[in-house]
Amino acid sequence: MAEVGAELSAAEEVARLREQLEAWNYQYYVRDDPTVPDAEYDRSLQRLRELEAANPQLLSPESPTQRVGATPLAQFRQVQHELPMLSLENAFNAEDMQDFNRRLLERLGRAPADELEFACEPKLDGIAVSLVYRDGRLQRGATRGDGTTGEDITHNVRTVASVPLRLRGAGYPPVLEVRGEIYLPRAGFEQINAEARERGEKIFVNPRNAAAGSLRQLDARVTARRPLQMCCYSVGLYEGGDLPPLHSAVLDRLQAWGLRINSESRVVTGLDACNAYYEELAARRAELPYDIDGIVFKVNDLALQQRLGFVSRAPRWAIARKFPAQEEMTRVLAVEFQVGRTGAITPVARLEPVFVGGVTVSNATLHNSDEVERLGLRIGDTVIVRRAGDVIPQVVAVIPEQRPESAQPVVFPDACPVCGSVVERAEDEAVLRCMGGLICQAQQKAAIRHFVSRRALDVDGLGDKLVEQLVDRGLVHNVADIFTLPRAQWLELERMGEKSVDKLLAALERSKATTLQRFIYALGIREVGEATAGNLARHFGSWEALVAADEEALLAVPDVGPVVADHLRQFFDSGDSLAVVRALRAAGVHWPDLEPVAAEALPLAGQTWVVTGTLETLGRNEAKAHLEALGARVAGSVSAKTHTVVAGPGAGSKLGKATELGTPIIDEAALLALLAQHGVQP
Ligand code: IVH
């Protein structure tokens, strides 16, 4: 009797845990609104695993513990779609949209000025999939294939956290086929590529390819490690139930049953509103955490959809208005080598100009020799160039079939292309470096550009063109020379009249009164960014104390590790560098010394902060640097240890989690006020 009682309570506990875990999953993956700390979730999942292991008769394929099967498949099984999976007609501009709207109104016998209701949805750039639920249980997942025949990927879709194994609530039809897109958010893409790079494996070209590669895995354990997402956009087959009469209401229903839908979806009335939605999302495209390649507009009324029907493989009632492509093909005309501030020599591909991501691109960085090797790139190759958002254009792949016979290998220089000095490649680095230091004109220019930049000495009006001329004409060799160049010589430069020279000299004069932090940052010591410069300034308080610091003393500064300490010591041990610093001080560059502050005494010492969403004035990186300079640690995710979250517009799950945990949340204005309070004026 006792045994039966124990088994019953185990069964009860298993049922309760499953229900709880499913509810948490739903909040987290479908509603983007986590309700429980990770640790609590993990404890419950672990408890469920233990109970199932002790009571194997309680195991069920729908249990949250059963997302990954153990044995890889030998091959994919083919599946027939009972209703074909269609594609969409494309629109490329407002005119195509107008034609689409006109055709709809004509077919429906409406007046030309009538306005139809449309469901607008981002067109996710992933893999189309079909999920079949029978009696609320996930029975089959399949790819679109050719629209009629796809591949059975049930074992893989089961590993996708936002695919429910069981539908929630009630009222779903006994047979329900849901269609949608499985995709990889950009952060997940970066993460798996970073891991692949570390292991020296092939990296994926874009999130779409990575999603496809992750889904078409015979071994579901591989899929399970990829942070894929599912987003549903329609219903295919359904039997034995009714659906609401509007597409948007169907999506709401899917969400209530535990399926994920896109939070950007909207219902609008009329063509103008469609166009406005398109423009709005086009402007926010780079901020979305996933790639989209356009907007899908669907007639919202299902009865009207029925009347409109299909042409060949696409519905008449929907259209995809595409965004400008983020990837295009073009040819590599040459590879040149640029020398940066620290002597790093970067190969740059000169491209046949191509319109991609909304701008004309004629150069793309190739990073370093490892990257050139990884791409297998030759001069003359046709390549895929990608430009997403404001990210600098990248060559993501070579198209080997289009390689001309005349293609030439990329040869890295054995001397600096600018000053002819020797180049070296440090053992553990992929980059070549010019060893010419400050005799190299490229390094001189880069050092001056950095020294006068806004966040360094902030010399207004000393732009790149002027710096080029100063160095090319041999008027200036280092950053100190700009303060001693006679007025007459400034006047000789192109486009420098009396007035502009007066203005520039006044700006130079103003810049001389600076802070120790800005000064250290402006020197451009390798790996010493703003935050580190701030930490050094506060820790040592004066230039003299900093220069006198040995490695051990440097390592005591927050944020300074052996590499940074080494770069600092090299700078302080170099007679040339110190001579430039002396010349700068002789020219009148000055700053107030600070009371040295120990790391523990910094105002935010011991606190962990999280920055999320868009910060309009500061930007996230700058906010992070300032917080670190005040002693805070800035983390990537919210946990019970988080002291405060700074949230800007567009903040997502981190904000949700902070709310759930009761973590203090402040906006950008409050952060600026806090910084000002501690004497930081961004
Ligand atoms: S509706 C009959 N909605 O775009 C309608 N498709 O060319 C068929 N896609 O492979 C699709 N986001 O995977 C629809 N919100 C969305 C979509 C979407 C992405 C993909 C879909 C299909 C392709 C259509």
Side-chain angles (χ1 to χ4, degrees), residues 341 438 444-464 466-467 470 475-487 489-491 493 496 498-525 528-549 557 568 571-572 577-597 602-603 617-618 622 625-626 628-630 672-682:
R341 179 159 54 82
L438 287 177
Q444 290 173 7
K445 288 176 189 171
I448 297 170
R449 282 198 300 268
H450 175 75
F451 187 82
V452 302
S453 64
R454 194 172 67 81
R455 308 203 59 85
L457 272 251
D458 190 20
V459 183
D460 216 17
L462 187 49
D464 293 358
L466 278 180
V467 174
L470 289 172
L475 297 174
V476 160
H477 299 284
N478 61 46
V479 295
D481 294 345
I482 57 173
F483 290 105
T484 50
L485 191 69
R487 183 185 161 85
Q489 298 208 309
W490 284 108
L491 275 167
L493 300 178
M496 288 299 276
E498 297 279 351
K499 260 205 177 136
S500 23
V501 170
D502 283 346
K503 261 175 96 175
L504 186 61
L505 290 176
L508 277 166
E509 201 50 44
R510 270 198 311 277
S511 75
K512 287 180 186 171
T514 188
T515 62
L516 181 55
Q517 171 178 3
R518 278 177 179 267
F519 184 73
I520 297 170
Y521 171 65
L523 294 174
I525 303 165
V528 177
E530 267 186 290
T532 309
N535 287 336
L536 289 166
R538 275 180 299 273
H539 187 86
F540 292 106
S542 73
W543 175 257
E544 288 70 22
L546 172 62
V547 179
V557 180
L568 285 163
F571 187 92
F572 302 143
S577 303
L578 292 188
V580 172
V581 172
R582 267 196 307 278
L584 284 167
R585 300 183 85 171
V589 176
H590 65 282
W591 55 84
D593 283 349
L594 307 167
E595 279 298 315
V597 182
L602 287 171
T617 312
L618 284 174
E622 211 178 312
H626 287 306
E628 283 173 347
L630 292 179
L672 287 167
L674 175 94
L675 292 176
Q677 212 185 341
H678 292 291
V680 183
Q681 296 292 356

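In this structure, Q444 contributes its side chain and L438 its backbone to a donor-acceptor pair below 3.5 Å. Here the side chain of N478 pairs a donor or acceptor atom with the backbone of D481 at under 3.5 angstrom. Under the 3.5 Å distance criterion, the side-chain polar atoms of H626 are left unmatched by any main-chain donor or acceptor of L672. A donor-acceptor contact shorter than 3.5 Å is absent between the side chain of T514 and the backbone of S511. With R341 contributing its side chain and G524 its backbone, the two residues share a donor-acceptor pair below 3.5 Å.
L516 CG to Y521 OH: the interatomic distance, rounded to the nearest 0.5 Å, is 15.0 Å. H450 NE2 to R455 CZ: the interatomic distance, rounded to the nearest 0.5 Å, is 11.5 Å. The distance from atom CG of L568 to atom CD1 of I520, rounded to the nearest 0.5 Å, is 8.5 Å. Atoms OG1 and NE2, from T515 and H590 in turn, are 11.0 Å apart once rounded to the nearest 0.5 Å. A distance of 5.0 Å separates CD of E498 from CG of L491, quoted to the nearest 0.5 Å. Note that the CG atom of D460 and the NZ atom of K503 stand 8.0 Å from one another [nearest 0.5 Å].
Between F540 and V557, the closest heavy-atom pair is CE1-CG2, 3.6 Å. Between N535 and E628, the shortest heavy-atom contact is OD1-O, 3.7 Å. Closest approach of R538 to L630, counting heavy atoms only: NH2-N, 4.4 Å. Annotation for W490 and L485: closest pair NE1-O, 3.3 Å, computed over non-hydrogen atoms. Nearest approach of A587 to K512, heavy atoms of both residues: O-NZ, 3.0 Å. Closest of all the heavy-atom pairs between L523 and W543 is CD1-CH2, 3.5 Å.
Between D502 and K499, every side-chain heavy-atom pair lies at or beyond the 4.5 Å cut-off. A heavy-atom distance below 4.5 Å is found between the side chains of L470 and L462. Residues V476 and I448 form a side-chain contact, since some pair of their non-hydrogen atoms from C-beta on lies under 4.5 Å apart. Using a 4.5 Å heavy-atom cutoff, the side chains of L594 and Q517 are not in contact. Between F571 and V581 the shortest side-chain heavy-atom distance falls below 4.5 Å. The closest side-chain heavy-atom distance from I525 to T532 is not below 4.5 Å. Put simply, the side chain of V580 does not reach to within 4.5 Å of the side chain of F451, judged on heavy atoms.
Summarising the local packing, CD of E595 is surrounded by 12 or fewer heavy atoms from other residues, nucleotides or ligands at distances under 6.0 Å. Residue L493 places its CG atom among more than 12 non-hydrogen atoms of other residues, nucleotides or ligands, all under 6.0 Å distant.
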side-chain contact (heavy atoms from CB on, under 4.5 Å) between V479 and L457, intermediate numbers included: CA-CA 11 Å; V479 295; L457 272 251; over 6 Å; no
